[in-house]
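Order of the sequence lines sets the chain letters (A, B, ...), proteins ahead of strands, with each chain counted from 1.
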Protein chains: 2
Amino acid sequence: MADGRTGETDAEAPVLPLHQRIRADIEAKILSGEWPPGHRIPFEHELTRQYGCARMTVNKAIAALAGAGLIERRRRAGSFVAQPHLQSAVLEIPDIREEVTRRGESYGYELIARRLRRPGEGDPVDLAGTGVALLDLTCLHRANGRPLALEERVISLAAVPEAAEVDFAATPPGSWLLGHVPWTEAEHRISAIAANVRMASALDLPRGAACLVLERRTWRGADTITVVRQVFRGDLYHLVAHFSPQGPHGRPDSPAD
Amino acid sequence: MADGRTGETDAEAPVLPLHQRIRADIEAKILSGEWPPGHRIPFEHELTRQYGCARMTVNKAIAALAGAGLIERRRRAGSFVAQPHLQSAVLEIPDIREEVTRRGESYGYELIARRLRRPGEGDPVDLAGTGVALLDLTCLHRANGRPLALEERVISLAAVPEAAEVDFAATPPGSWLLGHVPWTEAEHRISAIAANVRMASALDLPRGAACLVLERRTWRGADTITVVRQVFRGDLYHLVAHFSPQGPHGRPDSPAD
DNA sequence: TATTCCATTATGTCTACGCATAATCGCAGG
DNA sequence: CCTGCGATTATGCGTAGACATAATGGAATA
């Protein structure tokens, strides 16, 4: 029963709440370039008349745009289209297993080494210094049987004591942690290196071949949870990042703000 | 209600609007792990009583959290702490000139080639097919005199006709475009390759050395604006990405909900 | 027992208003 | 002519209500 007024090319805009409609309208004007950076958008008061609604409704729309960084608001002066700042984009950092299976390839996993130890000097994982507290893991991810990435990981058992009991020979630590550690912060470092002997043999590459390296530190509050270094075969893997003014979470049809 | 209890360690919270305070409170509970994923957060009604404010105020706070992806809302059921999805992070993709000077190094730039041409078959920049329309640029970025990145770029003159007049021997095209092209979308591809002969000689590297490659396509609407491929010396450059639940734009003290 | 229907309930959206705050403009006075 | 003060004004923040919507649990019914 898709009749009605679905004569447009857009099939998924049934009735869209008003404040989202206002937001979308303004967003479209900005993205199309019709309103260039620096342009003053209509006052809330004007939009209020234009859409025949209360100011709070207009405010919600504009506040959301400001939150997304598309516009800047200055008291008394008005709201202005912001300068684009392309310097941030959303990087997709999928779980390797998920990524491989999503590409329709068969995922293989292999635990190479597992070691329990005390934190040493200069160890990247700082502990509240109590006894045995670190779990070192080395493992290999395969796609269609071919080595894809070599992963070296340190897990803080002080932060995640349950990890000591997990059989990481069967479960990739990344996947397990994602499901068992709530809401953390993380910092990533992406670089390219030439494979050393160890990497080359693990990844079935000639020595010196280019590899993509993703290093990640994950923490919550002051506690570092895990530090991981994933070395990908440069010829088999790449990362993808996307920039759109919506930001990473704000799907345009999001019910929130 | 807002009991005047500002004796905390936080020195930068003078009077923080109420809806931001509510948001911050909930956010803290989630990030600390006190409220794990799946936990039901208090109903708006409860928070209304707890903070002694109107429901709209609570709603603004919770809606912002939902927009940031920290919580999920289900009618009738309540609002729940969402599962963390680490797979997206904010990648800093600075203008190279800016990045180099920010590191306190001297920036050098050199235009290697400039060519005007018609779009060819399979060219990544699709045009509304009118005559001469593409500008090919090859240039080199230096840090402290040493080659840092080799950049190959195609600019669509149909989308940015002014670019034909610009002296790209003096201005890096990335910087110029940032300042002259408003609000676009972009997609990035990050990979590692071994330097071929041309890259090696331009970057003063041995052949086969590992390089970090950043490819970016930028468009607005249906028009591709520019396609760029930056090859960085792997030993001199890396990218940094950061994940925090605020999202990329939503600084916690943002005035917008 | 299984199924349908309805009352309950929490969120989604919106209105109409109010006060607070800060930036700008214009006017008056030195 | 320059300076400083106040009026104006747009945004920021918040209240107290209202109706709509959808999902849930339980009651009534087949």
Looking at C:dT11, C:dT21, D:dC13, which one has an atom nearest to any side-chain atom of B:R75? C:dT11

How long is the line joining CZ of A:R23 and C1' of C:dT13, in whole Å? 16 Å

With nearest nucleotide decided by heavy atoms, which residue, B:N59 or B:R76, maps closer to the 5′ end of DNA chain C? B:R76

How many whole angstroms separate atom CD of B:E44 from atom P of D:dT15? 13 Å

Check every atom of C:dT11, D:dC13, C:dT15 against the side chain of A:M56 and return the nucleotide holding the closest atom. C:dT15

Residue pair A:C53/B:G78 against DNA chain C: nearer the 5' end by closest nucleotide is B:G78

Check whether any side-chain N or O of B:T57 sits under 4.0 Å from OP1 or OP2 of D:dT15, and answer yes or no. yes

Could you tell me how far apart B:R55 (CZ) and C:dA10 (P) are, to the nearest whole angstrom? 10 Å

To the nearest angstrom, how far is A:R40 atom CZ from C:dA23 atom C1'? 15 Å

Could you state the CG-P distance from B:L18 to D:dA16, rounded to the nearest angstrom? 12 Å

If you measure from the Lys or Arg side-chain nitrogens to the Asp or Glu carboxylate oxygens, is any gap between B:R40 and B:E46 under 4.0 Å? yes

Without decimals, in angstroms, what is the distance between B:E46 CD and C:dT9 P? 14 Å

Verify the contact: side-chain N or O of B:Q20 to OP1 or OP2 of D:dG12, cut-off strictly under 4.0 Å; return yes or no. no

Taking only N and O in the side chain of B:R73, is any of them less than 4.0 Å away from OP1 or OP2 of C:dG12? yes

Between D:dG14, D:dA10, C:dC14, which nucleotide has the shortest distance from any of its atoms to the side chain of A:P17? C:dC14

To the nearest 0.5 Å, how far apart are NE2 in A:H242 and CZ in B:R217? 8.5 Å

Side-chain N or O of B:H45 closer than 4.0 Å to phosphate OP1/OP2 of C:dT9: no

Whole angstrom is fine here: how far is it from NZ in B:K60 over to C1' in C:dG12? 15 Å

Check whether A:T48 reaches the backbone of A:E44 with its side chain - one donor and one acceptor, N or O, closer than 3.5 Å. yes

What's the spacing between A:R153 CZ and A:T226 OG1 if we round to 0.5 Å? 4.0 Å

I'd like to know if the side chain of B:Y109 reaches the main chain of B:F168, judged simply by a donor and an acceptor atom lying under 3.5 Å from each other, with no hydrogens or angles considered. yes

Expressed in angstrom and rounded to an integer, what is the separation of A:E72 atom CD from C:dA23 atom C1'? 16 Å

